There are 2 protein chains.
Amino acid sequence: MLEKIISQGLKATGRRMTRTRKAVLSLLERTHEPLSASEIFAQLQEDQVAIDLVTVYRTVNVLKDLGLVAQLDLHHEGQSRYELKEGRKHHHHIRCQVCGKIVDLLLCPLKKLTKLIEERTKFVVGDHTLEFTGFCPQCQ
Amino acid sequence: MLEKIISQGLKATGRRMTRTRKAVLSLLERTHEPLSASEIFAQLQEDQVAIDLVTVYRTVNVLKDLGLVAQLDLHHEGQSRYELKEGRKHHHHIRCQVCGKIVDLLLCPLKKLTKLIEERTKFVVGDHTLEFTGFCPQCQ
DNA sequence: CCTTTATTGCAAGTCTCTTGCAAGTAACAT
DNA sequence: ATGTTACTTGCAAGAGACTTGCAATAAAGG
């Protein structure tokens, strides 16, 4: 179970598993779209979980530090979104410009590009962002 | 000259060429990295051009509306950057995580991907963001 | 159950970007 | 040139995402 794995990561870095961290984790675990901090906050309110928005921000940052959550900056959205990495492989997203629906793209065309970029720019390539926008089937 | 082309675009949309728009354009024209609003503001201050930060934001938005400037959201930067599109072909960037230096990548591996994504997701694919981070030659 | 110390909530602050409005000025007609 | 119109600007204020300081709370281990 995810909670156990994460408890260990927390303990290993001198942190604790708490009621609010469990709530955020369980929400991320059962949600299949990346969520923003305010969406996490709103959903937990609805679920009658007492939590402050500040704590949501602190929690996702802790989970990010542990490498358990990915922070996404979608195309001109002006806010970050978070999704669990646990058990999922590297992927990207497409977001509907009309309704905001986000769908996973289970592909990444960039592995072979890294070497080319490193040769051309002399950079050491680290991370990358690749996000698409478009119109989903319902909004076309 | 760029200013003339842009004057026409402005006029065609009921807008005017002004002292401040000329200043922003000329700065973007002679700068070879994408600039943020506050960088544009700071550089113009240094150049003794009287301009308000609000006007910088409004100006880049006008230029974006006209399709003359691209707005970039680099990886977790928390601010947008702007660069002239005029005369340049579609490209992406890599940014140094240490010093912030931004270099153009004159490539885009995504044309052939669009069809695949549309088939798989039933979305109509519009725009995309692709930005890399890494370590530049000086910061390795 | 107690102690230690991480975590939380609240208030306030920071940063990017936007909006309202009166004053300034570009563009065009007279 | 001068005047008129309406687009632009600057200033003040506001909105939204995210962070920080601090006292109160609550995990975790003894």
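These figures come from a predicted structure and were not determined experimentally. Each chain gets a letter, A, B and so on, in the order its sequence line appears, and its residues count up from 1.
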(Q) Tell me if the centroids of the rings in A:H93 and A:H75 come within less than 6.0 Å of each other. (A) no

Q) Below 4.0 angstrom, N of the basic side chain to O of the carboxylate: do B:R88 and B:D104 qualify? A) yes

Q. When you check the phosphate oxygens OP1 and OP2 of C:dT7, does a side-chain N or O of A:T18 lie under 4.0 Å from one of them?
A. no

Q. Atom CD of A:Q79 and atom C1' of D:dC18: how far apart are they, to the nearest Å?
A. 11 Å

Q: Specify the residue among B:Q71 and A:R21 whose closest nucleotide of DNA chain C lies further upstream toward the 5′ end.
A: A:R21

Q. For the pair made of CG in A:L72 and C1' in D:dC18, what is the distance, rounded to whole Å?
A. 17 Å

Q.
Can you tell me which nucleotide in D:dC11, D:dC18, C:dA6 comes closest to the side chain of B:D52?
A. D:dC11

Q: Choose from D:dC18, C:dA27, C:dC10 the nucleotide whose nearest atom is closest to any side-chain atom of B:M17.
A: C:dA27

Q) Under 4.0 Å between a Lys/Arg side-chain N and an Asp/Glu carboxylate O for B:E39 and B:R81? A) yes

Q. Any side-chain N or O of A:N61 under 4.0 Å from OP1/OP2 of D:dC18?
A. no

Q: Name the nucleic acid region contacted by B:I51, choosing base, sugar-phosphate or nothing; use a 4.0 angstrom heavy-atom cut-off, strictly under.
A: sugar-phosphate

Q: Identify whether any heavy atom of A:S80 sits under 4.0 Å from a base atom; if not, whether one sits that close to sugar-phosphate; answer base, sugar-phosphate or nothing.
A: sugar-phosphate

Q. When the distance from NE2 of B:H76 to C1' of D:dA17 is rounded to whole Å, what number comes out?
A. 14 Å

Q. What do you reckon, is NZ of B:K101 surrounded by more than 12 foreign heavy atoms closer than 6.0 Å?
A. no

(Q) At less than 3.5 Å, do the side-chain atoms of B:R58 and the base atoms of D:dG10 form a donor-acceptor pair? (A) yes

Q: Output the single nucleotide from C:dT8, C:dT19, C:dA6 whose closest atom is nearest the side chain of B:V54.
A: C:dT19

Q) Between atom CG in A:L63 and atom P in C:dT7, what is the gap in whole Å? A) 11 Å

Q) Are any of the side-chain nitrogens in A:R95 or A:E131 under 4.0 Å away from the carboxylate oxygens of its partner? A) no

Q. On DNA chain C, nearest-nucleotide positions of B:Y57 versus B:R15: which is more 5'?
A. B:Y57

Q | Atom-to-atom span, CG of A:L10 to C1' of D:dA27 - whole angstrom | A | 12 Å

**Q.** Rounded distance (Å) that lies between atom P of D:dA15 and atom CD of A:E77
**A.** 21 Å

Q) Can you check the B:K22 NZ to C:dT25 P distance for me, whole Å? A) 14 Å

Q. Any side-chain N or O of A:K11 under 4.0 Å from OP1/OP2 of D:dG29?
A. yes

Q) C:dT8 C1' sits how many Å from A:L44 CG, rounded? A) 14 Å

Q. When you look at A:H92 and A:H128, which way does the side-chain contact (heavy atoms from CB on, under 4.5 Å) test go after all the steps?
A. CA-CA 10 Å; A:H92 298 285; A:H128 64 265; 3.1 Å; yes

Q | Donor-acceptor pair present, B:R19 side chain and C:dG24 base, under 3.5 Å | A | no

(Q) Closest approach to the side chain of A:T55, judged atom by atom: which nucleotide of C:dT8, C:dT25, D:dT9 is it? (A) C:dT8

